Amino acid sequence: MVATAILQVLVPVLPSLGIGEPIGSQSDDVRTLITPAGWAFAIWGPLYTGAFVFAAYQFLPRHAGDHLLDKLRWPATGAFMGNAVWALYTQSFGLSAISALIIIFTLVCLLRCYRIFANREEGFTTGQRWLVVLPLSALAAWLTAATIVNIAASLRFHGVEAGDAAPLVSAAVVIVGGVVAALALARGRGNPPYALVFLWALSAIYAAGGQKADAVAWAAALSVILVVIGAIAGFKRAPSGTWTGASRS
């Protein structure tokens with residue numbers, strides 16, 4: 001897993017060595033109304049760092065018998081490999097339907113991790129909460145948003161355009177994303193890292209497409225409300241101390 005955590009960081013550097021085109025450039029070629037503002041992608045720095053910290057944490061000999069880590073190793077490894085393969089493909093061939101399939105695979109791996117967290121009855125240690133749940137939940141949230149964006153970009157890559165209906169179609173997609181995230185949070189005990197990262201993605205969509213189309217702006221705002229409601233509902237259902245480490249009165 002450590003190798004795949006490193007690989008997903010190294011592959012995006014290849015364009016600087018003359019291999020492929022930067023992902024940002026490929027994305028700009030098929031930008032849609034739901035493509036986040038450029039500053040949002042700075043989150044990859046913390047996400048990559050978190051992934052490596054998790055990989056190093058689970059590799060320590062004293063965690064060899066950790067049942068939570070045993071369940072997470074394969075889906076997390078699949079997710080990190082998926083990120084690397086997606087970057088390699090996208091830098092070489094653009095945001096085509098194949099890139100969408102790769103990112104969907106990656107998301108499925110991360111949602112498996114998310115489900116493991118949601119179903120855990122015995123709670124988390126401080127180390128697990130900060131070095132396992134936080135990085136994988138944050139990555140799952142970003143990939144949830146990124147998958148939706150990638151699918152929209154892939155449709156444009158293949159010449160599927162919404163024309164004058166693009167603002168309404170884009171708004172509908174944003175709302176669907178908000179509903180999906182809200183349901184995930186309600187069923188996932190209000191997972192705070194997931195909620196915060198998804199809100200980050202929505203704010204970036206609002207800052208980009210929301211400034212070009214009122215429908216997208218309103219959809220992003222509505223999705224924020226849905227995500228907050230889902231997070232609160234899930235948090236209330238969580239066993240005491242799940243996310244804070246302290247009992248709630």
Side-chain angles (χ1 to χ4, degrees), residues 1-59 72-113 134-161 173 177 197-198 200-201 204-205 207-209:
M1 183 191 299
V2 175
T4 55
I6 296 173
L7 186 64
Q8 68 175 347
V9 178
L10 294 180
V11 171
V13 179
L14 291 177
S16 65
L17 302 177
I19 303 174
E21 296 292 330
I23 293 173
S25 298
Q26 300 282 32
S27 178
D28 287 342
D29 289 341
V30 287
R31 175 171 287 274
T32 70
L33 288 173
I34 64 171
T35 302
W39 50 261
F41 297 96
I43 198 174
W44 275 112
L47 291 177
Y48 282 145
T49 300
F52 184 76
V53 168
F54 162 69
Y57 176 85
Q58 63 83 36
F59 185 72
L72 292 169
R73 285 190 175 96
W74 279 112
T77 299
F80 299 162
M81 179 59 71
N83 280 334
V85 173
W86 179 86
L88 181 62
Y89 179 88
T90 301
Q91 288 165 178
S92 302
F93 305 106
L95 288 159
S96 72
I98 294 177
S99 74
L101 291 175
I102 297 170
I103 204 170
I104 289 171
F105 165 80
T106 306
L107 177 61
V108 169
C109 291
L110 289 167
L111 290 181
R112 173 57 184 161
C113 295
L134 171 59
L136 292 181
S137 297
L139 190 56
W142 185 253
L143 263 291
T144 301
T147 298
I148 297 169
V149 171
N150 198 152
I151 291 172
S154 296
L155 289 173
R156 187 170 186 187
F157 180 94
H158 292 289
V160 180
E161 303 278 358
V173 170
V197 171
F198 201 86
W200 171 269
I205 291 173

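As the structure is a computational prediction, the values presented were derived from the model and not from experiment.
With sequence neighbours left out, the side-chain contact (heavy atoms from CB on, under 4.5 Å) criterion links Leu101 to no other residue. Annotation: ring pair (Phe, Tyr, Trp, His ring centres under 6.0 Å) contacts of Phe157 (sequence neighbours excluded): none.
For the atom pair Thr144 OG1 and Leu107 CG, the distance stands at 5.0 Å (nearest 0.5 Å). Distance CD1/Ile102 to OH/Tyr89: 7.0 Å, rounded to 0.5 Å.
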Derivation of the side chain to side chain contact (heavy atoms under 4.5 Å, CB included) call for Ser99 and Phe93
CA-CA 9 Å; Ser99 74; Phe93 305 106; over 6 Å; no
Kindly determine whether Trp86 and Phe105 satisfy side chain to side chain contact (heavy atoms under 4.5 Å, CB included), including the steps that lead there.
CA-CA 10 Å; Trp86 179 86; Phe105 165 80; over 6 Å; no
Which donor-acceptor pairs under 3.5 Å do side chains of residues 35-50 form with protein atoms, sequence neighbours excluded?
residue : atom : partner : partner atom : Å
Thr35   : OG1  : Thr32   : N            : 3.0
Thr35   : OG1  : Thr32   : O            : 3.4
Thr35   : OG1  : Thr32   : OG1          : 3.4
Tyr48   : OH   : Gln8    : O            : 3.3
Thr49   : OG1  : Gly45   : O            : 2.9

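When all heavy atoms of Ala141 and Phe198 are compared, the closest pair comes out as O-CD1, 3.8 Å. In plain terms, the two heavy atoms of Leu110 and Leu136 that are nearest each other are CD2-O, 4.2 Å. Taking every heavy atom of both residues into account, Phe52 and Val2 meet most closely at CE1-CG1, 4.2 Å.
Remark: side-chain polar atoms of Arg112 are not paired, donor with acceptor, to backbone N or O of Leu72 under 3.5 angstrom.
A heavy-atom distance below 4.5 Å is found between the side chains of Gln91 and Pro15. In this structure the side chain of Phe80 reaches within 4.5 angstrom of the side chain of Phe54, judged on heavy atoms. At a threshold of 4.5 Å between non-hydrogen side-chain atoms, the residues Leu139 and Asn83 count as touching. Leu95 is listed as a side-chain neighbour of Ser27, based on a closest heavy-atom distance under 4.5 Å.
Side-chain contact annotation: Asn150 with Ser154, donor-acceptor N/O pair under 3.5 Å present.
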